[in-house]
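First up is the structure itself, then whatever we jot down about it.
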Amino acid sequence: QVHLMESGGGTVQAGGSLRLSCAASGYTYSSHCMGWFRQAPGKEREGVAAIYRRDYKLYYADSVKGRFTISQDNAENTLYLQMNSLKPEDTAMYYCAVQTMSTAYPCLVDRGYNYWGQGTQVTVSS
């Protein structure tokens, strides 16, 4: 069993920055992907950034490339998302997730993930 807890959300003006954290407990190093997803009201959940832990390759949605950075601290079992140059369209609930089983889905697709946090709200004002 894996438990994930996000933190770091809040309200920021456009152009500002936030750093999200996801603390994992019960976590094992057998995970395949770890990622950040977001869901805005009335929209589908979308993959924002992910790490494939077999080769530590990073993946980003086109909408956040160059602005967001995903990273991890294995010693602390923590996943981070540094978000810079935030835009109003980045407003959403942000979730971290872990995929502990091999699936056919790419790391930025939510269907492959089997553990999810409760989410942290990010609001960007114009």
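These figures come from a predicted structure and were not determined experimentally.
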Under 4.5 Å between side-chain heavy atoms, counting indirect links through other Ile/Leu/Val/Met/Phe/Trp/Tyr residues: same cluster for Leu4 and Leu108 or not?
no
Taking all non-hydrogen atoms of both residues, which atom of Arg45 and which atom of Gln39 are closest, and how far apart?
N-NE2, 3.8 Å
Arg38 to Tyr95 six-membered ring, cation-pi geometry met (6.0 Å, 45°)
no
If you compare all heavy atoms of Gly47 against all heavy atoms of Ala61, which two are closest, and at what distance to 0.1 Å?
O-CB, 3.3 Å
Would you give the length of the straight line joining atom OG of Ser125 to atom CD of Gln13, rounded to the nearest 0.5 angstrom?
5.0 Å
Atom of Ile51, atom of Cys107 and distance for their closest heavy-atom approach
O-SG, 4.2 Å
Among the clusters formed by ILVMFWY side chains lying less than 4.5 Å apart, do Leu79 and Tyr60 turn up in the same one?
yes
Quick one: does Arg111's side chain get under 4.5 Å of Thr103's, heavy atoms only?
no
Would you kindly confirm whether Leu58 and Val109 end up in one hydrophobic cluster when ILVMFWY residues are joined by side chain heavy atoms under 4.5 Å apart?
no
For Phe68 and Tyr94, take the angle between the two ring planes, folded into 0 to 90°, and tell me which bin it lands in: parallel under 30, tilted 30 to 60, perpendicular over 60.
tilted
If you measure only the distance, is there a donor-acceptor pair under 3.5 Å linking the side chains of Asp73 and Thr78?
no
The reported gap from SG in Cys33 to CG in Asp110 (rounded to nearest 0.5 angstrom) is 12.0 Å
For a quick test of reading the model, state the closest non-hydrogen atom pair linking Ala14 to Pro88 and the distance between them.
CB-CD, 4.1 Å
Counting N and O atoms only, with roles assigned by atom type, does the side chain of Thr91 sit under 3.5 Å from a partner on the main chain of Thr123, one being a donor and the other an acceptor?
no
Report yes if some heavy atom in the side chain of Lys65 is under 4.5 Å from a heavy atom in the side chain of Tyr59; otherwise report no.
no
Neighbour count >12 (heavy atoms, 6.0 Å) for atom CD, Gln118:
no
Close side-chain approach of Leu81 to Val48, heavy-atom, < 4.5 Å
yes
State plainly whether the residues Lys87 and Asp90 are in salt-bridge range, i.e. N to O under 4.0 Å.
no
Looking only at the side chains, is there a donor atom on one of Arg53 and Gln99 sitting less than 3.5 Å from an acceptor on the other?
no
Would you check if Arg67 and Met83 make a side-chain contact, meaning some heavy-atom pair closer than 4.5 Å?
no
Give a yes or no on whether Tyr115 and Tyr52 share a hydrophobic cluster (residues Ile, Leu, Val, Met, Phe, Trp, Tyr; joining criterion: side-chain heavy atoms under 4.5 Å apart).
no
Quick check for you: to the nearest 0.5 Å, what is the distance between Leu20 atom CG and Tyr80 atom OH?
12.0 Å
Is a side-chain donor or acceptor of Gln82 paired with a backbone partner of Arg19 at a separation under 3.5 angstrom?
no
Might you point out which heavy atoms bring His32 and Met101 nearest each other, and give the distance in Å?
CD2-C, 3.5 Å
Quick check on the hydrophobic clustering: are Val2 and Met5 connected, directly or via other members, by side-chain heavy-atom contacts under 4.5 Å?
no
To the nearest 0.5 Å, what is the distance between CE on Met34 and SG on Cys96?
7.0 Å
Heavy-atom closest pair, residues Ser85 and Ser17
N-OG, 4.3 Å
Give the intermediate values and the outcome of ring pair (Phe, Tyr, Trp, His ring centres under 6.0 Å) for residues Tyr113 and Phe37.
CA-CA 11 Å; Tyr113 287 78; Phe37 295 79; 4.9 Å; yes
